[in-house]
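One structure is given here, and the rest of the page talks about it.
Here the structure is a predicted model, which is why all the values come from computation and not from measurement.
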Amino acid sequence: MTSVTNAYESLPSWTYSDAGYFKDEMEAVIRPSWQLVCHQNDLPNVGDYVTLDILNERVVAVRGKDGAVRVFHNVCRHRGSRLLEGGQGECGQRIRCPYHAWTWDLEGTLINVPYERDFEAFDRNEHGLATLPSEMFVGFIWARLDGKVDGPGVADQFAPYLDEILPYRIDEMQPLGRVTLRPRAVNWKQIADNYVDALHIPVAHPGLSGLVGNTYGMEVKGDIHKMWGDVMETRKDCWSTRAYRKILPEVAHLTADKQRHWAYYRLWPNVALDIYPDQVDFMQFIPVSPFETLIREVAYVLPDDRREMKAARYLNWRINREVNAEDTAIINRVQDGMASSSFTSGPLAKTEVCLLDSVRRIREALPQTWSRQKP
């Protein structure tokens with residue numbers, strides 16, 4: 001069986017299931033990339049925190065006494081215990097390990113060690129909480145798992161679309177609920193590939209297709225894969241899409257061309273911002289194993305007491321709930337089908353620019369993808 005070398009071919013099927021390749025992929029693709037931890041308004045008060053678990057890393061963002069948000073490894077420097085529990089919470093004025101009571105202030109400085117004099121040549125300054133490189137972009141807190149500070153920042157990566165994104169005032173938005181984790185029994189690339197696959201929209205998503213019709217488009221600029229569509233009247237309308245189109249009120253700070261515009265921005269490789277006139281969602285595809293992924297997501301909104309806006313946000317959720325259910329069925333079918341001995345890879349159309357870019361990036365990060373045959 002020949003290896004895949006054609007630039008217009010999908011990734012080999014074995015790359016969606018091989019344990020050794022999964023490990024290499026995490027190190028070469030996921031770990032060096034920026035990961036979204038939370039929004040600044042998830043942390044309104046001193047001592048508020050949000051955690052993120054990914055690739056065996058325990059990450060926590062904490063609001064300090066000085067108002068700054070810092071990102072630490074959520075791990076005790078004594079025996080490695082997890083420090084702060086749950087996805088979100090409040091720790092007061094300090095971070096205290098529940099195992100031996102080592103304690104840090106909110107800036108990560110070690111301030112208390114029981115039986116400290118029993119530790120030979122002990123220096124508190126050497127045991128502050130370990131930090132991760134972090135930055136804020138449009139109100140979201142981002143961190144790099146590999147600890148490096150080289151390469152472009154998040155703002156640099158989104159630079160081609162800053163003029164589009166900034167008018168939405170995302171940095172002012174408030175969370176609409178708490179972060180949700182949705183498990184999927186597929187390889188992370190199934191979810192990421194499907195997210196940027198435009199050809200399946202009219203086939204697999206009658207509701208979404210009925211909402212945006214033939215306006216759905218896609219493009220690649222740098223590290224961003226963008227998809228978009230405009231809310232319009234079509235013959236495929238269902239109740240939710242008709243109601244959303246009718247009820248959605250004007251948003252004063254958006255230009256006319258954005259009043260009915262849905263846009264999706266995927267930051268390579270596994271974080272996406274879904275930007276609507278009424279709200280913004282983030283989605284993060286967290287790899288767990290070759291056959292397990294968590295979709296981490298939550299919506300953010302600007303304060304708006306209008307009944308029409310509240311109804312539009314409910315309808316947005318209803319439409320996307322159906323899309324998510326349809327996508328889950330699709331990715332399960334693809335993951336199952338790729339196990340067949342009859343399938344090695346498939347052709348990609350030249351218009352599938354986002355998928356083609358994904359293949360190129362993984363090819364460059366992991367050359368062994370193309371030198372191996374299906375096990």
Side-chain angles (χ1 to χ4, degrees), residues 26-27 30-114 116 119 122-155 171 175 178-179 181 267 270-271 282 284 286-288 294 296-298:
M26 296 304 98
E27 294 302 314
I30 301 296
R31 190 172 289 277
S33 62
W34 287 100
Q35 297 299 321
L36 196 156
V37 182
C38 64
H39 191 280
Q40 62 178 348
N41 291 328
D42 290 313
L43 310 169
N45 303 311
V46 172
D48 287 346
Y49 68 85
V50 171
T51 65
L52 167 65
D53 291 353
I54 179 170
L55 303 189
N56 291 322
E57 300 293 356
R58 314 297 180 226
V59 179
V60 63
V62 183
R63 176 77 70 180
K65 293 179 182 179
D66 59 356
V69 176
R70 295 173 176 83
V71 181
F72 302 110
H73 286 275
N74 188 23
V75 175
C76 180
R77 300 299 305 278
H78 179 208
R79 297 289 295 279
S81 170
R82 180 196 297 270
L83 292 171
L84 297 172
E85 291 290 346
Q88 190 170 353
E90 186 273 327
C91 65
Q93 301 295 311
R94 60 186 184 175
I95 299 171
R96 182 177 183 271
C97 179
Y99 194 7
H100 297 101
W102 282 35
T103 305
W104 293 262
D105 64 21
L106 300 179
E107 289 68 52
T109 301
L110 183 61
I111 59 175
N112 183 60
V113 178
E116 183 172 353
F119 294 87
F122 185 80
D123 185 350
R124 288 189 182 185
N125 293 326
E126 296 178 357
H127 296 86
L129 290 180
T131 61
L132 290 93
S134 63
E135 69 172 73
M136 185 183 297
F137 173 69
V138 293
F140 287 112
I141 311 300
W142 307 74
R144 275 186 62 164
L145 303 179
D146 64 359
K148 297 180 180 179
V149 294
D150 60 331
V154 181
D171 58 319
R178 290 199 168 201
V179 170
L181 295 173
L267 174 62
N270 68 317
V271 179
F282 88 73
Q284 193 168 15
I286 299 180
V288 178
L294 290 174
R296 182 174 183 256
E297 63 180 353
V298 69

Next on the checklist: Applying salt bridge (charged side-chain N to carboxylate O under 4.0 Å, His left out), can you list everything that pairs with Arg144, at least two apart in sequence or on another chain?
Outcome noted: Asp146, Asp150
Kindly indicate whether the side chain of [X], heavy atoms from C-beta on, has any atom under 4.5 Å from the side chain of [Y].
X: Leu43; Y: Val50; answer: yes
X: Val69; Y: Asp42; answer: no
X: Thr103; Y: Ile95; answer: no
X: Leu36; Y: Leu52; answer: no
X: Leu132; Y: Val59; answer: yes
X: Leu55; Y: Arg31; answer: yes
X: Val71; Y: Val60; answer: no
X: Leu83; Y: Val75; answer: no

Atom of [X], atom of [Y] and distance for their closest heavy-atom approach:
X: Glu135; Y: Gly153; value: OE1-CA, 3.2 Å
X: Pro114; Y: Ala101; value: CD-O, 3.8 Å
X: Asn270; Y: Pro287; value: ND2-CD, 4.5 Å
X: Cys91; Y: Leu84; value: CB-CD2, 3.8 Å
X: Trp34; Y: Val271; value: O-CG2, 4.0 Å
X: Arg296; Y: Thr51; value: NH2-O, 3.4 Å

Checklist entry - What pairs with Asp53 under side chain to side chain donor-acceptor pair (under 3.5 Å), at least two apart in sequence or on another chain? => result Arg82
Next on the checklist: Taking side chain to side chain donor-acceptor pair (under 3.5 Å) as the definition, give me every residue that meets it alongside Ser33, ordered by chain and number, with sequence neighbours left out.
Outcome noted: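 With sequence neighbours excluded, Ser33 shows a side chain to side chain donor-acceptor pair (under 3.5 Å) to Gln35, given in chain and number order.
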So does [Y] get a backbone contact from the side chain of [X], meaning a donor-acceptor N/O pair under 3.5 Å?
X: Asn45; Y: Asp48; value: no
X: Arg124; Y: Ile111; value: yes
X: Tyr49; Y: Gly87; value: no

Would you please name every residue forming a side chain to side chain contact (heavy atoms under 4.5 Å, CB included) with [X], sequence neighbours left out?
X: Met136; answer: Gln40, Ile141
X: Arg79; answer: Tyr99, His100
X: His127; answer: Arg77, Trp102, Leu110, Phe122

Next on the checklist: Test salt bridge (Lys or Arg N to Asp or Glu O under 4.0 Å) on Lys65 and Glu107; report intermediate values, then the result.
Outcome noted: CA-CA 8 Å; Lys65 293 179 182 179; Glu107 289 68 52; 5.9 Å; no
